[in-house]
Amino acid sequence: MKTNNKLIVITGASSGFGIEMAKEFAKDGYSLLLLARRIEKMEALKLPNTMCRKVDVTHKDEFEAAVREAEAKFGKTDLIVNNAGVMLLGDIATQDAKEWKTMLDVNVMGVMNGMQIVMNDMKLRKTGTIINISSIAGVIPFDNHAAYCASKFGVTGLTKVVRGQMSPFNVRVLSIMPGAVKTELLGHTTDQSIIDGYNDWKESVGAVNITATDVAQTIKYAYELPQAVSLREIMITDTKQDA
Ligand code: NDP
């Protein structure tokens, strides 16, 4: 087993991209702090050098407490992946505003919380990497994605601002913009006809082969480039995705 004394914090590590990132980084012996609400899913991985904490990223105090606890054990955060997110697709003309609020709270406020928790130490140490998971829906509009696009365009925008702010301090700030990849994400949408339409589109164009592991390995590649190399924005989709 390789060892690597850098601490990586991954939010939303209980499924999808987050759980695959945890497995990929663990292979190279990084110290990990895994955060999500379903702690049992993260603990079941039984990864070495890993702390798992039940954290809702919208609750900044518990988020920060978990990061400080991990830093006391493993050293300062070298990478945070602000990955936790929800996608509740809906027609803005009829969708319940509670769904908009959930998306904006988790997808935008959660990311901002994560950045603020680590960025001041990174500035002082003049090194570090922040990776925010936006989406192709953070740069391109899609039907029934109004509130989701609002949240992900938000992530794209705030990532660009913070990138400029952190560059004099040698801190990388990247955004990853995945296309459609099978995870649990779509399952939280409450309108079944929208879920069916999304799946029909993916299957009709054949955009079904990219995996969460592919995305996780791409993120790890970007992180492991030299600190002087910033792969600022990565759009990654199934080759057959047509939009
Ligand atoms: P999943 O639904 O599989 O994973 C989402 C993760 O976020 C889960 O671990 C979930 O954990 C966590 N999460 C949700 N809400 C909270 C919260 N309030 N506090 C802490 N953790 C939370 O989806 P993906 O892996 O697909 O999504 C990961 C990211 O990638 C998201 O930001 C998503 O928007 C983005 N994305 C995904 C795409 C896709 O097609 N899959 C495409 C483009 C972007 P728990 O419920 O245990 O808290």
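Side-chain atoms are counted along with the backbone in the values below, which use heavy atoms only and exclude waters and symmetry mates. Both ligands and their constituent atoms are indexed starting at 1 by order of listing.
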Engineer: What I want to know is whether Tyr198 and ligand 1 share at least one N or O pair that is separated by under 3.5 angstrom.
Structural biologist: no

Engineer: Which bit of Asn107 gets closer than 4.0 Å to ligand 1, counting heavy atoms only: side chain, backbone, both or neither?
Structural biologist: neither

Engineer: Could you tell me the residue and atom name of the protein heavy atom closest to atom 31 (C) of ligand 1, and the distance to it rounded to 0.1 Å?
Structural biologist: Asn83 O, 3.2 Å

Engineer: Does Asp56, backbone or side chain, put an N or O under 3.5 Å from an N or O of ligand 1?
Structural biologist: yes

Engineer: Looking at Glu233 and Lys160, is there a salt bridge between them, counting it only when a charged N and a carboxylate O are closer than 4.0 Å?
Structural biologist: yes

Engineer: Would you tell me whether Gln241 and Lys202 have side-chain atoms, one donor and one acceptor, within less than 3.5 Å of each other?
Structural biologist: no

Engineer: Between Ile136 and ligand 1, is there a nitrogen or oxygen pair with a distance under 3.5 Å?
Structural biologist: no

Engineer: How far is atom 46 (O) of ligand 1 from its nearest protein heavy atom, and which residue and atom name does that atom have?
Structural biologist: Arg37 NH2, 3.0 Å

Engineer: Is the closest side-chain donor-acceptor distance between Glu24 and Thr213 under 3.5 Å?
Structural biologist: no

Engineer: Considering only non-hydrogen protein atoms, determine which one is nearest to atom 22 (C) of ligand 1 and report residue, atom name and distance to 0.1 Å.
Structural biologist: Ala84 CB, 3.7 Å

Engineer: Start with the C-alpha distance between Arg68 and Glu64, add both sets of side-chain angles, then the distance that settles salt bridge (Lys or Arg N to Asp or Glu O under 4.0 Å), and finish with yes or no.
Structural biologist: CA-CA 6 Å; Arg68 299 293 168 247; Glu64 180 154 21; 2.9 Å; yes

Engineer: Give me the residue, atom name and distance of the protein heavy atom closest to atom 27 (O) of ligand 1.
Structural biologist: Leu185 CD1, 3.9 Å

Engineer: Is any N or O atom of Ser15, backbone or side chain, closer than 3.5 Å to an N or O atom of ligand 1?
Structural biologist: yes

Engineer: Who's the nearest protein heavy-atom neighbour of atom 20 (C) of ligand 1, and how far?
Structural biologist: Val55 O, 3.3 Å

Engineer: Is Gly12 close to ligand 1, meaning an N/O of one under 3.5 Å from an N/O of the other?
Structural biologist: yes

Engineer: State the atoms of ligand 1, each with its element, that fall below the 4.0 Å cut-off from a heavy-atom position in Phe17.
Structural biologist: 25 (O), 28 (C), 30 (O), 36 (N), 37 (C), 38 (C), 39 (C), 41 (N)

Engineer: Is there a heavy atom of Thr11 sitting under 4.0 angstrom from any atom of ligand 1?
Structural biologist: no

Engineer: Side chain, backbone, both or neither: which part of Ala212 comes within less than 4.0 Å of ligand 1 when only heavy atoms are counted?
Structural biologist: neither

Engineer: Testing the 3.5 Å rule here: is there a donor-acceptor pair between the side chains of Asp191 and Thr189?
Structural biologist: no

Engineer: Which residue holds the protein heavy atom closest to atom 5 (C) of ligand 1, what is that atom called, and what is the gap in Å?
Structural biologist: Gly85 O, 3.6 Å

Engineer: Would you kindly confirm whether Phe74 and Met42 end up in one hydrophobic cluster when ILVMFWY residues are joined by side chain heavy atoms under 4.5 Å apart?
Structural biologist: no

Engineer: Examine ligand 1 and decide if any of its atoms is less than 4.0 Å from a heavy atom belonging to Gly138.
Structural biologist: no

Engineer: So, the side chain of Thr211 versus the backbone of Asp214: is there a donor-acceptor pair under 3.5 Å, distance only?
Structural biologist: yes

Engineer: Heavy-atom contacts under 4.0 Å between Ala137 and ligand 1: side chain, backbone, both, or neither?
Structural biologist: neither

Engineer: Does ligand 1 have a heavy atom under 4.0 Å from the side chain of Phe63, from its backbone, from both, or from neither?
Structural biologist: neither

Engineer: Would you mind checking which non-hydrogen protein atom is closest to atom 26 (O) of ligand 1, with the distance to 0.1 Å?
Structural biologist: Thr183 OG1, 2.6 Å

Engineer: Decide salt bridge (Lys or Arg N to Asp or Glu O under 4.0 Å) for Glu43 and Arg38; before the verdict, give the C-alpha distance in whole Å, the side-chain angles of both, and the deciding distance to 0.1 Å.
Structural biologist: CA-CA 9 Å; Glu43 287 178 342; Arg38 290 170 298 169; over 6 Å; no

Engineer: Just by modelled atom types, is the Val57 backbone N or O under 3.5 Å from a matching donor or acceptor in the Asn113 side chain?
Structural biologist: yes

Engineer: Work out whether the distance between some heavy atom of Met177 and some atom of ligand 1 is less than 4.0 Å.
Structural biologist: no

Engineer: So is Gly179 close enough to ligand 1, meaning a heavy atom under 4.0 angstrom away?
Structural biologist: yes

Engineer: Judged by modelled atom types alone, do Thr159 and Asn132 share a side-chain donor-acceptor pair under 3.5 Å?
Structural biologist: yes

Engineer: Around atom 34 (O) of ligand 1, find the nearest protein heavy atom and jot down its residue, atom name and distance.
Structural biologist: Tyr148 OH, 2.7 Å

Engineer: Val181 to ligand 1: N or O pair under 3.5 Å?
Structural biologist: yes

Engineer: Looking only at atom types and distance, does a side-chain atom of Arg163 sit under 3.5 Å from a main-chain N or O of Val173, one as donor and one as acceptor?
Structural biologist: yes

Engineer: Would you verify whether the NZ or CZ of Lys123 falls within 45 degrees of the ring axis of Phe169 while also being under 6.0 Å from that six-membered ring's centre?
Structural biologist: yes

Engineer: What I want to check is whether the side chains of Thr156 and Ser134 have a donor and an acceptor closer together than 3.5 Å.
Structural biologist: yes

Engineer: Less than 3.5 Å between some nitrogen or oxygen of Ala180 and one of ligand 1, yes or no?
Structural biologist: no

